[in-house]
Undergrad: 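This is the structure I want to talk about, given as structure tokens.
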2 protein chains.
Amino acid sequence: MAYSRAEALTVIQREMTAFARRARASAARTHPELSLVSFTLLAHLEDQQGCRATDLAAHYLLDKSTVSRQIAGLERLGYVERRTDPDDHRIQVLHLTPEGAEMLAQAAASRRKAFAARVEDWDGEDLERFAAYLLRYNDTVAREDETADAGDSADTADAAG
Amino acid sequence: MAYSRAEALTVIQREMTAFARRARASAARTHPELSLVSFTLLAHLEDQQGCRATDLAAHYLLDKSTVSRQIAGLERLGYVERRTDPDDHRIQVLHLTPEGAEMLAQAAASRRKAFAARVEDWDGEDLERFAAYLLRYNDTVAREDETADAGDSADTADAAG
DNA sequence: TTCAAGAGTTGTAAAACACAACTATAGGAA
DNA sequence: TTCCTATAGTTGTGTTTTACAACTCTTGAA
């Protein structure tokens, strides 16, 4: 706990990145039937109570074609359904099906179990603070993306990523 | 700041995952000539002052074939060199070349710049705590992997990813 | 000397991904 | 109205990342 500001920045970047590098493999091991991508897309649909493919692409910095194919796969599996917006037929609002919600819940539960074990000796206050820091950081990134959409400085958006 | 423990867990998992999902695209945008994988491999080589391909694979949960090809690419680019261990000719200790160190420094600097801007209004103490939490969490995961190697409970290793 | 284990490479295939070109819809302007 | 531009999404195509399996080479121990 005697970091300089610069050291803290270095550590945060390195550890966040290490975490990110492991994420895919970890998810694949714990729940082979639902990749990290699929899991996060379903989770976002649940969180948002449905949204457009475009919103998913923006939120996860993916090309719309990638999202389109991912969603097509999830639809084939029966986890996602499309509801065309009655006011604008260009828009398909994506929703979890009951099967999708169930699968998400199962995957979340097994992930959650391993995660909870990993932080079982953490103090509740530390967990809260950790959560708050992550939220604060990710909110900053999200706001950058919004302004980047308006302007053109997309290259400054989300670098430590 | 009035999360229950369960809520904090949920938030941490969700936000870490969202971060992980964006990481690749972000890295690609900020520094197109050095992918997230390449960057992390080079960074680990610098951090460890050289290591084996096997160590990289274990640390990032990648298959040894994946690491082998990544390293081959970095070697072609002149960023990494191999030094066969004189005592054991099976082992190739990987090291950054001066060019690799230079490239890493440049990529780190541009990532760092964007990152620093994102947390510029953060209090130093918060940054320290955030860094400490990440270290603490990742250390737990690393220890799990070690014990998993000894035993056979690889499925419990690194689930929240 | 034989043999099992570790380090690394290569063959192969699948998945994720981006870019570009396309269709279709919507909404405003001439 | 017609035309033009923008948005939402799909599809064609090619690259990259990745894992698994089979292989070579080296080591060390039986």
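Order of the sequence lines fixes the chain letters, A, B, ..., with proteins taken first and strands second; residue numbering starts at 1 for each chain.
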Undergrad: Write out a two-atom table: protein N or O, nucleotide N or O from nucleotides 19-24 of chain C, distance below 3.5 Å.
TA:
| residue | atom | partner | partner atom | Å |
| --- | --- | --- | --- | --- |
| C/dC19 | N4 | A/S65 | OG | 2.6 |

Undergrad: How many whole angstroms separate atom CD of B/Q70 from atom C1' of D/dT18?
TA: 9 Å
Undergrad: If I take atom CD1 in residue A/I91 and atom P in nucleotide D/dA6, what distance separates them, rounded to the nearest angstrom?
TA: 17 Å
Undergrad: Rounded to whole Å, how long is the line connecting atom CD1 of B/I71 with atom P of D/dT17?
TA: 13 Å
Undergrad: Would you sort out whether A/S26 and A/R111 count as a side chain to side chain donor-acceptor pair (under 3.5 Å), showing the intermediate values?
TA: CA-CA 9 Å; A/S26 312; A/R111 285 161 61 93; over 6 Å; no
Undergrad: With A/D126, which residues qualify under side-chain contact (heavy atoms from CB on, under 4.5 Å), at least two apart?
TA: A/W122, A/D123, A/R129, B/Y133, B/R136
Undergrad: Do A/S35 and A/S38 have side-chain atoms, one donor and one acceptor, less than 3.5 Å apart?
TA: yes
Undergrad: Tell me: CG of A/L56 to P of C/dA18, nearest whole Å?
TA: 13 Å
Undergrad: Map A/L94 and A/R21 onto DNA chain D by nearest heavy atom, then report which one ends up closer to the 5' terminus.
TA: A/L94
Undergrad: Just to verify, what does B/Q70 make a side-chain hydrogen bond (donor to acceptor under 3.5 Å, both in side chains) with, not counting sequence neighbours?
TA: none
Undergrad: What is the distance, rounded to the nearest whole Å, between atom OH of B/Y60 and atom P of D/dT18?
TA: 12 Å
Undergrad: What's A/V67 touching, base or sugar-phosphate or nothing? Going by heavy atoms closer than 4.0 Å.
TA: nothing
Undergrad: Could you work out which one of D/dT27, D/dT10, D/dT17 sits closest to the side chain of A/S68?
TA: D/dT10
Undergrad: Among D/dT18, C/dT10, C/dA16, find the nucleotide with the atom closest to the side chain of B/L62.
TA: D/dT18
Undergrad: Other members of the hydrophobic cluster containing A/M103, with the 4.5 Å side-chain heavy-atom rule, please.
TA: A/L34, A/V37, A/F39, A/L41, A/L42, A/L45, A/L56, A/Y60, A/L62, A/V67, A/I71, A/L74, A/L77, A/Y79, A/V80, A/L94, A/L96, A/L104
Undergrad: Go through the structure and list residues passing side-chain hydrogen bond (donor to acceptor under 3.5 Å, both in side chains) with B/R90, not counting sequence neighbours.
TA: B/D88
Undergrad: Under 4.5 Å side-chain heavy-atom separation, chaining through any Ile, Leu, Val, Met, Phe, Trp or Tyr, what else clusters with A/V93? Say none if it is isolated.
TA: A/I91
Undergrad: To the nearest Å, how far apart are B/Q92 CD and D/dT27 C1'?
TA: 15 Å
Undergrad: Roughly how many Å is it from CZ in A/R24 to P in C/dA16, rounded to a whole number?
TA: 7 Å
Undergrad: Heavy-atom nearest nucleotide on DNA chain C for A/D85 versus B/V93: which residue maps closer to 5'?
TA: B/V93
Undergrad: Is the phosphate of C/dA16, meaning OP1 or OP2, less than 4.0 Å from a side-chain N or O of A/S35?
TA: yes
Undergrad: Could you state the CD-C1' distance from A/E75 to D/dT10, rounded to the nearest angstrom?
TA: 12 Å
